[in-house]
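The chains referred to below are lettered A, B, ... by the order of the sequence lines, with proteins before strands, and numbering in each begins at 1. All values below were derived from every heavy atom in this structure, side-chain atoms included, with hydrogens, water molecules and symmetry-related copies excluded.
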2 protein chains.
Amino acid sequence: MALRVVGALRDDIVTMALRPGDVISESDIAGRYGVSRQPVREAFIRLAQQGLLLIRPKRATVVKKISPEGVRQSRFIRESIEVEIIRRLAGHPSADAGTVLGELIAEQEAASNANDSRRFHTLDELFHRTLARLIGVEYAWQLIDDHKMQLDRVRYLTLGSSSSKLAISEHRTIVAAVTAGDVAGAEVAMRAHLARAEVLLSQTIAAHPDYFE
Amino acid sequence: MALRVVGALRDDIVTMALRPGDVISESDIAGRYGVSRQPVREAFIRLAQQGLLLIRPKRATVVKKISPEGVRQSRFIRESIEVEIIRRLAGHPSADAGTVLGELIAEQEAASNANDSRRFHTLDELFHRTLARLIGVEYAWQLIDDHKMQLDRVRYLTLGSSSSKLAISEHRTIVAAVTAGDVAGAEVAMRAHLARAEVLLSQTIAAHPDYFE
DNA sequence: CTTTTCTATCTTGTATGGTAGACGCTCGTC
DNA sequence: GACGAGCGTCTACCATACAAGATAGAAAAG
């Protein structure tokens, strides 16, 4: 089906198997997956709406280059929402929030010690998603997830730079502030945690300038 | 073209010409607009991704009913971002921000006195969009715009209840806090401004229960 | 009268043919 | 040698035809 093509292409894009600037035609992808052009076309439309492809009518369809400005604003959106989440969470600290988050951090430490960066990435995402779930706005996280694909492409380029120990430490600081009901402290900790991605971006741009616009 | 169908259908949906629960088939719309099924189909995909349509495979396509939970979380997203915007704006008050916003409010008052609710709505949207533009995150507003369609459907159901005078007053309070560099005050004012939509929602649900799920 | 099964007719999904537009290359001209 | 016009070839786009699934209603069996 068409959805299968969507998933396959999205994976290829975020894992940089399809690199920014690559041109892909409907016929090309259709032949590669053994389907007709129509499902591929619909997949293109979906991915274009998600900002991964750029359809230039009657010309070609290219994998969208990463827009530094877009990444910056995606970070702004994420920081706005995550800060609001952490403030509400610290303002009304639930009983089991600390335990649930503590268990997640423990698993993250295990993954970090095992050098399983893939699993650590999953747990890190789950940590932030759990924060949203604890105040009942998990749907809001789905929104972040869509825009996080842009950030994930950058993150994939900098996979080896495992600063997982630092991230775990920051997670602990955040949880501590939440359980203590320290709204201002939780906000500061969350902003600091998210701010680390800023330097990553400029480093990545310098390392792969042709992937950006 | 297909984009024309998208625009027409989106307008019909937010203006309640197509009501939640209505079933629309590709052939039906295709015949109505004098085009083939294919462009209509692609329009359906786009609108489904925006949460306005629900495509049930091999069954039918229906105008999605308004999800109260979805509206609630859309409001959460909007409040998170707008609060962050107003805090940054109050923290670094630019010189001409006060004048630009003041002119917009003056226009709003003119539209309100003329009972031109359509124009007032446009100006209200422009006001918030300008706030985003002033700190360079206009793209973030586009994101809100997508999710605001859900809120706009609710707003359209309560069109006559013109509380424009109150909105203008709140706008003035927000701008005053921004120009004074009062971060906390601006945040409080913005939250109060956005919170008014909450009672609107429950009222609307009671008035049109069959439009919600 | 109730229940079950089958069929007619909807729907969306897929495949294919044809169309118009944009690009690049070749050839001709200055 | 440099530049410009014309043509071939690529693309996304649209229209049409076919296929597969799902539902509603009628017909038949209990």
Task: dT11(D) OP1/OP2 closer than 4.0 Å to side-chain N/O of S25(A) - done: yes
- [ ] Figure out the CG/C1' separation between L53(B) and dT12(C), and round it to whole Å.
- [x] 14 Å
- [ ] Quick one: sort the H128(A) and H193(A) rings into parallel, tilted or perpendicular, breaks at 30° and 60°.
- [x] parallel
TODO: Indicate whether OP1 or OP2 belonging to dT12(C) is found under 4.0 Å from a side-chain N or O atom of T61(B).
DONE: yes
Task: First of P57(A) and A2(A) reached from the 5' end of DNA chain C, by closest nucleotide - done: A2(A)
- [ ] Starting at atom CG of L3(A), determine the distance to atom P of dT12(C), rounded to an integer number of angstrom.
- [x] 16 Å
- [ ] Just call it for V23(B): base, sugar-phosphate, or nothing, with non-hydrogen atoms closer than 4.0 Å on any strand.
- [x] nothing
Open item on the list: Could you check whether E125(A) pairs with R129(A) (Lys NZ or Arg NE/NH1/NH2 to Asp/Glu carboxylate O, under 4.0 Å)?
Closed with: no
TODO: Round to the nearest Å and state the distance from I29(A) atom CD1 to dA12(D) atom C1'.
DONE: 14 Å
- [ ] Decide, yes or no, whether a salt bridge links E107(A) with R119(A) under the criterion of side-chain N to carboxylate O below 4.0 Å.
- [x] yes
Task: Separation of atom NZ in K58(A) from atom C1' in dA20(C), rounded to whole Å - done: 5 Å
Open item on the list: Which heavy atom of A167(B) sits nearest to which heavy atom of F120(B), and what is that distance?
Closed with: CB-CZ, 4.0 Å
- [ ] Please state whether the phosphate of dT16(C), meaning OP1 or OP2, lies under 4.0 angstrom from any side-chain nitrogen or oxygen of R37(A).
- [x] no
- [ ] Would you indicate what I45(B) reaches in the nucleic acid, counting non-hydrogen atoms under 4.0 angstrom: base, sugar-phosphate, or nothing?
- [x] nothing
Open item on the list: Can you measure Q38(B) atom CD to dT19(C) atom P for me and round it to whole angstrom units?
Closed with: 17 Å
- [ ] Report the distance from atom CD of E42(A) to atom P of dT16(C), rounded to the nearest whole Å.
- [x] 15 Å
Task: Separation of atom CZ in R59(A) from atom P in dA20(C), rounded to whole Å - done: 19 Å
Open item on the list: Can a donor-acceptor pair be found, under 3.5 Å and without considering hydrogens, that links the side chain of S112(B) to the backbone of Q108(B)?
Closed with: no
Task: Spacing between R4(B) atom CZ and dC13(D) atom C1', to the nearest angstrom - done: 17 Å
TODO: Check every atom of dT12(C), dA15(C), dA12(D) against the side chain of P39(A) and return the nucleotide holding the closest atom.
DONE: dA15(C)
Open item on the list: Using OP1 and OP2 only, check whether a side-chain N or O of R56(B) sits under 4.0 Å from dT12(C).
Closed with: no
